[in-house]
Amino acid sequence: MYFEQRVKSVQAVVLRTRTVFLIANLATLVSLASLFNTYGSWIRHLPERDSIKNDPVMHAAVVRAHVSDLMVVSVPALGLKLFAADLGVVASGGMLILSVWLYYSFRREQHSIGRLILDVAEQPDKTAPTLVIKANRLDDASYVLNELASVFVFITSDKDRAIGDSEEERFAQEGPPIAVWAKQLLLESPFWVVLLCGAADLASLVLPSVISENQQS
């Protein structure tokens with residue numbers, strides 16, 4: 001019963017980490033959508049059409065809609081509303097906080113799973129990374145494997161992998177490269193989203209955005 005409770009507690013740790021990871025992914029989507037609306041959306045060219053420019057009322061309505069719909073980012077779940085032009089500062093601060101949460105969540109997950117595995121396996125050779133399942137804990141080891149696999153999402157490997165394989169063997173058996181790259185891209189989203197926001201701020205000095213186009217209209 002005690003061992004089963006430990007497995008359940010590790011499952012709770014995994015679920016908590018997955019929740020933080022999901023929040024980071026949602027923040028990434030919001031940031032990317034805001035950047036696209038500011039610099040990539042084709043709708044920003046609508047005020048330049050002659051049929052709209054010749055109608056002052058329609059032109060003012062379209063410009064107002066552009067700013068309110070494309071440039072204002074709302075997060076109702078948090079009660080936040082911010083201007084897309086401030087995304088560089090807000091996204092950097094938010095991703096920094098999420099990075100700290102992700103680091104400690106993954107760290108706790110790794111330690112909890114490691115301690116659980118050491119209960120059912122041992123390391124005969126202290127100089128080698130290979131672990132061997134204890135003869136009297138075969139059922140417990142199978143139980144741990146099945147219970148943990150049921151809560152993990154990003155299991156990209158399509159092959160069986162022994163506990164304690166070398167890094168080269170792990171990389172070779174990791175799974176399809178595109179799946180590994182996609183997982184890594186999501187894991188590192190707090191890093192590259194901040195870089196992308198900074199690059200967008202620099203690009204805004206020379207590239208037109210919804211704001212600059214509407215000011216010139």
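All values below were derived from every heavy atom in this structure, side-chain atoms included, with hydrogens, water molecules and symmetry-related copies excluded. It should be emphasised that the depicted structure is a prediction, and the values quoted were computed from it without experimental measurement.
Minimum heavy-atom separation, P190 to L102: CG-CD1, 3.8 Å.
Y143 meets the side-chain contact (heavy atoms from CB on, under 4.5 Å) test with F3, E4, V7, K8, E147; sequence neighbours excluded. Annotation: side-chain contact (heavy atoms from CB on, under 4.5 Å) contacts of T28 (sequence neighbours excluded): L32, M95, S189, W192, V193. Evaluation of the side-chain hydrogen bond (donor to acceptor under 3.5 Å, both in side chains) rule for Q110 yields no partner, not counting sequence neighbours. A141 pairs by the side-chain contact (heavy atoms from CB on, under 4.5 Å) definition with V120, I133, not counting sequence neighbours. Partners of R108 under the side-chain contact (heavy atoms from CB on, under 4.5 Å) rule, at least two apart in sequence or in another chain, are V13, R16, H111, S112, R115.
Once rounded to the nearest 0.5 Å, the distance linking CG of N136 with CG of L138 reads 8.0 Å. Atom OG of residue S92 and atom CD1 of residue I97 lie 11.5 Å apart, to the nearest 0.5 angstrom. If you take CZ on R137 and CD on E122, they are separated by 11.0 Å, rounding to the nearest 0.5 Å. F21 contributes atom CZ, which lies 10.5 Å from atom CG of L26 (distance to the nearest 0.5 angstrom). Rounded to the nearest 0.5 Å, atoms CG (L118) and NZ (K134) are 8.0 Å apart.
In this structure, L116 is a member of the same hydrophobic cluster as V151, with clusters built from ILVMFWY side-chain heavy atoms closer than 4.5 Å.
At least one side-chain heavy atom of I113 sits under 4.5 Å from a side-chain heavy atom of V14.
Of the listed residues (V20, L186, L187), just one forms a side-chain contact (heavy atoms from CB on, under 4.5 Å) with N25, and that residue is L186.
Through chains of ILVMFWY side-chain contacts below 4.5 Å, Y104 is grouped with V100, Y103.
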